[in-house]
Amino acid sequence: MNITNNLNQILSQLPKHVTLVAVSKTKPVSDIMEAYDAGQRIFGENKIQDMADKYEEMPKDIEWHMIGHVQRNKVKYMAKFVSLIHGVDSLKLLKEINKQALNHNRTINCLLQIKIAEEDSKFGMSATEVRTMLSSEDFSELKNVCIKGLMGMATFTDDTNQIEQEFKKLTSIFNDLKPINHSNSDLQIISMGMSGDYKLAIDCGSNMIRVGSSIFGARTYNK
Ligand SMILES: *Cc1c(COP(=O)(O)O)cnc(C)c1O
């Protein structure tokens with residue numbers, strides 16, 4: 001596995017408007033340092049404790065993205081440094097993020113996870129739930145969070161047609177919601193696409209892709 005080559009290969013084909021999040025979950029600091037030395041600064045982790053450990057050990061100009069499901073009681077462990085939380089799926093969670101951000105006197109950027117997949121295993125909100133939340137008074141009081149966009153995960157399937165439909169659904173929801181901006185929301189980011197489907201995701205409107213195994217190699221355990 002040549003991490004530098006893999007990274008450069010992907011970056012060379014990426015349109016300028018697309019941001020690459022290098023998903024380093026389960027990978028050791030030495031692997032992440034190789035990507036860092038090749039110029040990569042944005043890394044994604046799906047476990048808060050792992051991300052916090054890596055944050056402590058690694059250069060401080062790294063932007064750490066939380067891409068996994070977030071448990072409310074663990075938000076405090078990443079509140080001082082996390083740069084973007086992709087998987088926000090409830091007002092309750094957002095309130096906790098706001099509280100912890102306030103403790104650190106900062107604003108935490110978040111993406112709302114939309115459920116686009118058929119599978120029940122995938123987390124996320126519906127377009128209606130998001131719309132209702134964004135226009136609620138409870139939400140407007142959360143001064144220490146900013147909603148920067150939406151995130152979605154397609155169904156785990158070989159059916160490219162289905163994946164394409166789900167990606168297009170997320171872009172369409174994004175386009176519908178984009179005009180309703182508040183002081184604490186500014187919808188700019190569509191986070192969708194992983195190693196197997198990021199090209200399709202970009203064709204369907206993604207401007208932030210989360211790529212792990214194509215950079216760092218297969219993970220020995222998943223999720
Ligand atoms: C693991 C993971 C990825 C990266 O998956 P790869 O197939 O290794 O590129 C992207 N997004 C989320 C939410 C993940 O958990």
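Atoms within each ligand, like the ligands themselves, are counted from 1 in listed order. Note that these values count all heavy atoms, side chains included, but never hydrogens, waters or copies made by symmetry.
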- Task: Check whether any N or O atom of Ser214, backbone or side chain, sits under 3.5 Å from an N or O atom of ligand 1, and answer yes or no.
- Result: no

- Item | Heavy-atom check, side chain of Lys92 versus side chain of Arg72, under 4.5 Å | yes

- Message: Measuring from atom 13 (C) of ligand 1, which candidate in Ile67, Ile209, Thr26 has the nearest non-hydrogen atom?
- Response: Ile67

- Task: Considering the heavy atoms of Val211, write down every atom of ligand 1 situated less than 4.0 Å from one of them.
- Result: 9 (O)

- Query: When you check the side-chain N and O atoms of Arg210 and Ser191, is any donor under 3.5 Å from an acceptor?
  - Reply: yes

- Query: Without hydrogens or angle criteria, can the side chains of Gln49 and Asp53 be said to hold a donor-acceptor pair below 3.5 Å?
  - Reply: yes

- Within 4.0 Å of some non-hydrogen atom of Gly212, the atoms of ligand 1 are 4 (C), 6 (P), 8 (O), 9 (O)

- Query: What is the ring orientation for Phe123 with His69, classed by angle as parallel under 30°, tilted 30 to 60°, or perpendicular over 60°?
  - Reply: parallel

- Using distance alone, determine whether Asn46 and ligand 1 share an N or O pair under 3.5 Å. no

- Message: Test of understanding: given a 4.0 Å heavy-atom threshold, classify the contact between His86 and ligand 1 as side chain, backbone, both, or neither.
- Response: neither

- Task: List every atom of ligand 1 that sits less than 4.0 Å from any heavy atom of Ser213, numbering the atoms from 1 in the order shown and giving each element.
- Result: 6 (P), 7 (O), 8 (O), 9 (O)

- Give the single entry among Met194, Met192, Glu45 that approaches atom 5 (O) of ligand 1 most closely by any heavy atom. Met194

- Message: Parallel, tilted or perpendicular, judged at 30° and 60°: which one describes the rings of Tyr55 and Phe81?
- Response: parallel

- Heavy-atom check, side chain of Phe43 versus side chain of Val23, under 4.5 Å: no

- Classify the side-chain pair Asp61/Tyr36 by whether it contains a donor and acceptor separated by less than 3.5 Å. yes

- Exceeds 12 heavy-atom contacts within 6.0 angstrom, atom CG of Asp158: no

- Counting from 1 in the order shown, the ligand 1 atoms closer than 4.0 Å to a non-hydrogen atom of Arg210 are 4 (C), 9 (O), 10 (C), 11 (N), 12 (C), 13 (C)

- Item | Ligand-residue contact atoms, ligand 1 with Ser195, heavy atoms, under 4.0 Å | 6 (P), 7 (O), 8 (O), 9 (O)

- Task: Please identify which atoms of ligand 1 are closer than 4.0 Å to at least one heavy atom of Arg219.
- Result: 1 (C), 5 (O), 6 (P), 8 (O)

- Report, in ascending order of atom number, the atoms of ligand 1 lying under 4.0 Å from any heavy atom of Met153. 13 (C)

